[in-house]
Amino acid sequence: QLDDTVENAAQRMLENRIGCVPVLSSDGTVAGIVTQSDFAAKSRCVPFSTFRHPHLLGHWLPLEHAEAIFERARRLKVQEIMTPRPVTVAADATLEQTLALLLKHDINHLPVMRGEKLVGVVSRFDLLKLMLEKGCP
């Protein structure tokens, strides 16, 4: 849910050994997605500049302040760090269509939809498992 905390999302991801959690709005539609990469520092362009600076969980930071930001982040709501309106795939999509979306958008996780209802998540890791199951060369 949008008002869930980042700490709860991280805990669910760790307990279930999953790389993302979809974020649902009050009507049950997918509002966003939080992935494991959202918990890592990224180098982002400073607005109106070509300068790049570390960014972590919505905060610009000197790296020596990462611990304090993680402490504050426990109280953040997932809606503050999620990727809104994520790319999704239809439940009846082919393997080729699914792979094309992952590659085109350079993402690792795709919420799987049946109409407006979330029915699962497919990841690049799932495709590795499929490759081994099918005995691909």
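Keep in mind it's a predicted model, so treat the numbers as computed, not measured.
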| Residues that Asn16 engages under side chain to side chain donor-acceptor pair (under 3.5 Å), provided they are two or more places apart | none
| Linking I/L/V/M/F/W/Y whenever their side-chain heavy atoms sit closer than 4.5 Å, directly or via other members, would Val89 and Leu102 fall into one cluster? | yes
| All pairs passing salt bridge (charged side-chain N to carboxylate O under 4.0 Å, His left out) where residues 107-119 contributes a residue, at least two apart | none
| note | Separation between CG (Leu76) and CG (Asp4), nearest 0.5 Å, reads 12.0 Å
| Other hydrophobic cluster members with Met113, side-chain heavy atoms of Ile/Leu/Val/Met/Phe/Trp/Tyr under 4.5 Å, chained? | Leu24, Val30, Leu118
| said: Holding to side chain to side chain contact (heavy atoms under 4.5 Å, CB included), I want the full list of residues that pass it with Leu99, two or more places apart in sequence or in another chain. | reply: Leu103, Leu127
| Main-chain N/O of Asn8 paired to Thr5 side chain as donor or acceptor, under 3.5 Å | yes
| said: Please find the pair of heavy atoms, one from Pro86 and one from Pro111, that lie closest to each other, and give the distance. | reply: CG-CG, 4.3 Å
| request: Measure the spacing between CD of Gln36 and CG of Asn108 and express it to the nearest 0.5 Å. | output: 7.5 Å
| query | Shortest non-hydrogen contact from Met13 to Val34? | reply | SD-O, 4.3 Å
| note | With sequence neighbours left out, the residues meeting side chain to side chain donor-acceptor pair (under 3.5 Å) with Gln1 are none
| said: Could you work out, with side chain to side chain contact (heavy atoms under 4.5 Å, CB included) as the rule, every residue matching Leu14, not counting sequence neighbours? | reply: none
| request: Can you run down the side chain to side chain donor-acceptor pair (under 3.5 Å) pairs that involve residues 19-28, sequence neighbours left out, and say none if there aren't any? | output: Ser25-Asp27, Ser25-Thr29, Asp27-Thr29
| query | Cluster question for you: counting only ILVMFWY and a side-chain heavy-atom cut-off of under 4.5 Å, with indirect links fine, are Val119 and Val121 together? | reply | no
| remark: The reported gap from CD in Glu80 to CG in Leu2 (rounded to nearest 0.5 angstrom) is 11.0 Å
| task | Quick one: pull up CD in Gln11 and CD in Glu15 and give me the separation to the nearest 0.5 Å. | result | 4.5 Å
| said: Contact between Leu110 and Thr88 at the side-chain level, heavy atoms closer than 4.5 Å - yes or no? | reply: no
| task | May I ask you to test the Val6-Ile81 pair for a side-chain heavy-atom distance under 4.5 Å? | result | yes
| field | Atom pair CG/CD1 of Leu101 and Ile107 - distance to nearest 0.5 Å | value | 7.0 Å
| said: If the condition is side chain to side chain donor-acceptor pair (under 3.5 Å), which residues does Ser123 pass it with, not counting sequence neighbours? | reply: Asp126
| message | Asp106: which residues meet the salt bridge (charged side-chain N to carboxylate O under 4.0 Å, His left out) condition with it, sequence neighbours left out? | response | Arg124
| request: Enter the distance from Ile33:CD1 to Met82:CE here, rounded to the nearest 0.5 Å. | output: 11.0 Å
